[in-house]
Amino acid sequence: MLQLQFFLVVAAVLFCIGIYGLIVSRNAIRVLMSIELMLNAVNLNFMAFSNFVDSAMIRGQVFSVFVITVAAAEAAVGLAIVLGIYRNRATIDMESFNLLKW
Amino acid sequence: MPEAGRETGNRGMLAVDPPHLSWSSSPMDVFAPTGNLYAGAIWPEVVVTLTLLLVLVVDLVGGSAARKSLPALSIFGLIGALVTLVLQWQQPQLESFLGSFAADPISILFRGLVVGTAVLTVMMAERYIAQSGAPTGEFYVLLLTATLGGMFLSGATDLILVFVSLETLGIASYLMAGYTKRDPRSSEAALKYLLIGASSTAIFLYGMSLLYGLSGGQTKLEAIASSMGDAGLAGIIALVLCIGGIGFKLAAVPFHQWTPDVYEGSPTPVVAFLSVGSKAAGFALAVRFLATVFPAMTEEWRAVLSVLAILTMILGNVVAIAQTRLKRLLAYSSIGQAGFVLIGLVAGTEAGYASLIFYLMVYLVMNLGAFLCVTLFSLKTGTDEISEYSGLYQKDPFLTLCLSICLLSLGGLPPLAGFFGKLYLFWAGWQAGAYTLVLVGLVTSVISIYYYVRVVKTIVVKEPQEMSVSVQNYPETNWQAEGMQALRVGLVLTLVATIFAGILSNPLFTLSTQAVEQSPFLGFPTAQAFIPQSARLQVAVKGSLGSSAQTGEG
Amino acid sequence: MTLGEGVQLVTFVVLSAMAIGFALGVVWAPSIVYSGFLLGGVFLSMAGLYLLLNADFVAAAQVLIYVGAVNVLILFAIMLVNRRYTFAPLKLGWLRNGVTAVVCLGLFALLTAMALNTPWQLEPIQPTSSVLVMGGHFFREYLLPFELASVLLLMALIGAIVLARREFVIPQAGEGDLSLLERARPQLESESERQAELVSTR
């Protein structure tokens with residue numbers, strides 16, 4: 001029988017992979033993808049709780065629809081910014097973005 | 001169907017039936033009206049939204065003459081929103097939209113702070129945007145959207161609204177940070193802000209999902225608190241994750257890494273908005289979220305926040321000493337200022353919250369005043385290097401006066417507004433027993449006086465040969481140019497407010513105390529007791545002031 | 001265990017193994033293009049997991065929005081900035097990766113312990129029509145975020161276009177060239193000039 005904990009553990013795995021990718025990746029686009037992974041992990045959490053804890057009102061499903069919406073907007077904005085920085089600097093290596101360090 | 005409607009319609013707003021939609025019950029229940037939304041609570045937001053759409057349409061169809069009127073249009077809309085906020089003060093709406101938004105006095109004050117910041121930012125931005133050649137209309141659309149997000153964030157009482165408004169504010173801010181898009185610094189600032197912001201939102205969301213699960217499927221902040229019970233480890237983790245998300249908006253150490261880079265790389269008006277408006281919205285979120293959701297863990301979150309406050313005050317103020325550019329100095333100083341404000345939140349008393357709000361009001365005028373001056377100087381000389389300011393006193397006394405007053409007020413010198421703000425904060429913290437915090441605050445504000453005064457000293461240097469190249473070639477101010485009048489109005493407004501908000505602080509302080517008393521979610525008695533209490537505080541503060549305030553008043 | 005439960009369990013194991021494997025691939029794949037496609041795999045397996053959780057509408061939304069829009073957008077971006085990068089190796093890069101991995105494993109252990117030890121307030125699962133209930137939610141207590149999301153999307157649309165649009169008429173340097181009014185610090189200037197040369201010689 002499927003249990004809530006199974007899904008929570010999978011979500012935790014995805015979330016930690018997302019954080020790992022966020023810190024380690026040097027390609028700005030891969031960092032954006034890692035953020036998408038984290039958001040998906042959060043969504044899985046919401047869906048699992050929605051099913052096992054709140055199956056009559058399923059507010060978690062509503063929440064994850066909002067998360068999906070906002071994530072799409074954020075991805076579009078993120079890629080616009082990556083394109084902008086690529087035009088200015090001809091690279092998307094995170095390590096080279098240090099103009100502003102002191 | 002109409003019958004069902006009438007039946008449920010009379011039950012009032014709280015009677016949202018759980019639509020148990022097993023197929024045996026009528027699916028039509030979903031469509032039954034559910035009572036009053038109390039939509040009047042969001043009049044100010046509606047005004048801002050309409051302004052936003054109007055700006056968009058005028059920018060789209062209007063000619064270049066119409067486009068010149070966009071800043072004025074935005075300012076009028078925002079002032080309209082302020083007026084509706086003032087009207088709302090008479091009749092606060094404690095709950096609206098079926099419990100997802102509150103227009104209680106605290107939310108009204110914070111929304112006022114966000115809108116006020118936006119007004120001054122528009123004044124600052126008009127000339128800056130024109131001179132940098134960036135598209136005009138879209139900037140105001142982004143700014144108004146960010147304002148809208150901040151306003152909703154200040155009153156949100158539901159996790160989903162908190163999330164959506166936080167992201168509205170956030171995404172608009174990322175876009176504004178990268179608005180001067182041909183400048184690598186600006187692109188970098190936007191990218192860093194976006195990546196750190198989006199990941200902090202993801203972390204905050206993880207905390208929210210735990211709250212949702214722990215409370216058995218609630219998204220309203222109050223319902224979460226009442227049905228969460230003793231949450232144990234999961235509660236602690238949720239608290240830490242939520243503080244992480246909120247700390248990013250407050251730029252509290254260690255969630256501050258984005259601040260200096262974003263502040264240096266973004267257009268100055270955007271920096272001004274981020275350092276005041278976005279931060280005020282973040283504080284509104286912090287006050288409401290922590291006080292409503294985690295009343296059972298008050299000890300824990302106060303402990304975490306006091307550590308954050310100490311780190312924030314020390315790091316912000318110490319690193320600011322080493323800065324050579326004024327924008328970056330203001331960035332670090334604004335980190336330090338957020339640390340001072342956190343004292344009020346940690347104190348958690350009536351006086352603590354009231355002094356938090358009061359300090360934010362004062363901080364708004366003095367910080368925006370400083371940014372207006374920085375904007376004006378970089379418009380004319382194209383730099384914000386502190387050494388380039390030397391000798392400005394001889395070329396532009398007006399700018400010198402404004403900048404000096406604002407910086408000294410930020411440093412907390414009497415009798416300026418910042419002094420009273422800090423005094424109230426420290427006083428409230430001391431009364432609540434946060435002695436360490438107050439002592440750290442005192443020491444770091446002495447440090448902050450040092451670096452503010454250093455800038456002022458550079459400006460008023462006497463000898464002509466010490467004048468910097470930029471100041472020697474300082475052009476005459478052409479107040480007739482596009483956007484300069486607005487800048488001047490903003491300068492005068494903030495200057496006057498910074499000078500007088502300190503001396504006439506009583507009404508402002510009464511206002512914030514009243515807001516704290518009358519916002520039920522903080523749990524303070526709504527009786528009339530606030531008058532003697534605040535009067536006592538006033539007396540004590542005035543007494544400890546001594547002669548300096550009297551000379552100021554005279 | 002009935003047959004249905006067995007099938008569910010097997011499906012769950014397969015889908016979560018796919019999601020985790022693809023996610024690791026996103027982070028570790030040598031080429032960013034592989035990462036992009038593997039991300040699509042993660043999104044699809046997540047949609048499958050949602051179906052196991054009785055969330056048909058969100059599963060469909062996940063496929064349409066994440067796979068259909070976000071993933072395609074990411075692939076577009078990869079192609080627009082398409083160059084084979086050989087990132088200069090960092091000093092002590094392995095150390096950073098190792099420390100990050102350890103921290104993430106610790107975080108994972110913490111989250112797992114929390115998930116397993118917390119007494120969640122479980123309820124018997126009731127079959128509902130998710131579309132109807134969600135529609136009710138959207139136009140009732142979540143009306144405000146629903147409307148605000150429309151403003152958010154409009155703004156993101158406008159902002160993304162403004163930032164991504166190519167300016168064909170580039171003004172002279174100095175006045176109105178879409179850069180910050182503050183001059184860059186000297187070392188920054190030389191740095192960005194070098195970058196600009198890189199762009200022009202490419």
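Residue numbers begin at 1 in each chain, while the letters A, B, ... track the order of the sequences.
Rounded to the nearest 0.5 Å, atoms CG (C:Leu110) and CG (B:Leu233) are 5.5 Å apart. Going from atom CG of C:Leu148 over to atom CE of B:Met151 covers 11.5 Å, rounded to the nearest 0.5 Å. Between C:Leu144 atom CG and B:Ser100 atom OG the span is 5.0 Å, to the nearest 0.5 Å. Atom CG of B:Leu175 is separated from atom CD1 of C:Ile161 by 11.0 Å, given to the nearest 0.5 angstrom. Atom CD in B:Glu45 sits 13.5 Å away from atom CD in C:Glu147 (nearest 0.5 Å). Here B:Ser266 contributes atom OG and C:Leu180 contributes atom CG; the two are 7.5 Å apart, rounded to the nearest 0.5 Å.
Contact annotation for C:Leu154: only side-chain heavy atoms (C-beta onward) come within less than 4.5 Å of a heavy atom of chain B. Interface remark: B:Ile42 contributes side-chain atoms only to the contact with chain C (heavy atom separation under 4.5 Å). For B:Tyr206, the part lying under 4.5 angstrom from a heavy atom of chain C is the side chain only. Of the atoms belonging to C:Ala115, not a single heavy atom falls under 4.5 Å from chain B. Using a 4.5 Å cut-off between heavy atoms, B:Leu161 touches chain C through backbone and side chain atoms alike. For a residue to count as touching a neighbouring chain, one of its non-hydrogen atoms must lie under 4.5 Å from one of that chain's; by this rule B:Ser215 touches chain C with the backbone only. Using a 4.5 Å cut-off between heavy atoms, B:Tyr179 touches chain C through backbone and side chain atoms alike. With a 4.5 angstrom heavy-atom cutoff, B:Thr383 touches chain C via backbone and side-chain atoms both. Proximity to chain C (any heavy atom under 4.5 Å) is shown, for B:Asp384, by both the backbone and the side chain. For C:Ile158, the part lying under 4.5 angstrom from a heavy atom of chain B is the side chain only. At a 4.5 Å heavy-atom cutoff, B:Leu144 makes no contact with chain C through either its backbone or its side chain. The contact between B:Ser227 and chain C is made entirely by backbone atoms, counting heavy-atom distances below 4.5 Å. Proximity to chain B is limited to the side chain of C:Leu143, based on heavy atoms less than 4.5 angstrom apart.
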Tell me, with the steps shown, if B:Thr268 and C:Glu182 meet side chain to side chain donor-acceptor pair (under 3.5 Å).
CA-CA 9 Å; B:Thr268 316; C:Glu182 292 83 6; 2.8 Å; yes

Set out, in order, the CA-CA distance, both residues' side-chain angles and the distance that settles side-chain contact (heavy atoms from CB on, under 4.5 Å) for C:Val151 and B:Thr145, then state yes or no.
CA-CA 7 Å; C:Val151 181; B:Thr145 319; 3.8 Å; yes

Stepwise side-chain contact (heavy atoms from CB on, under 4.5 Å) test for B:Leu98 and C:Tyr142:
CA-CA 8 Å; B:Leu98 310 174; C:Tyr142 302 129; over 6 Å; no

Step by step, would you call C:Phe146 with B:Val164 a side-chain contact (heavy atoms from CB on, under 4.5 Å)?
CA-CA 9 Å; C:Phe146 186 75; B:Val164 177; over 6 Å; no

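Among the candidates B:Tyr174, B:Phe139, B:Phe152, B:Phe377, the residue making the largest number of heavy-atom pairs closer than 4.5 Å to chain C is B:Phe152. If you tally non-hydrogen atom pairs under 4.5 Å between each of B:Leu52, B:Ile236, B:Thr219, B:Val162 and chain C, the highest count goes to B:Thr219.
Judged by distance alone, the side chain of B:Glu138 and the main-chain N or O of C:Val162 form no donor-acceptor pair under 3.5 Å.
In the displayed structure, C:Phe57 atom CZ is contacted under 6.0 Å by at most 12 heavy atoms of other residues, nucleotides or ligands. Applying the 6.0 Å contact sphere to CG of C:Leu95 captures more than 12 heavy atoms from other residues, nucleotides or ligands.
In this structure the side chain of B:Leu214 never reaches within 4.5 angstrom of the side chain of C:Gln121, judged on heavy atoms. Taking the side chain as every heavy atom from C-beta outward, B:Leu148 and C:Met155 never approach each other to under 4.5 Å.
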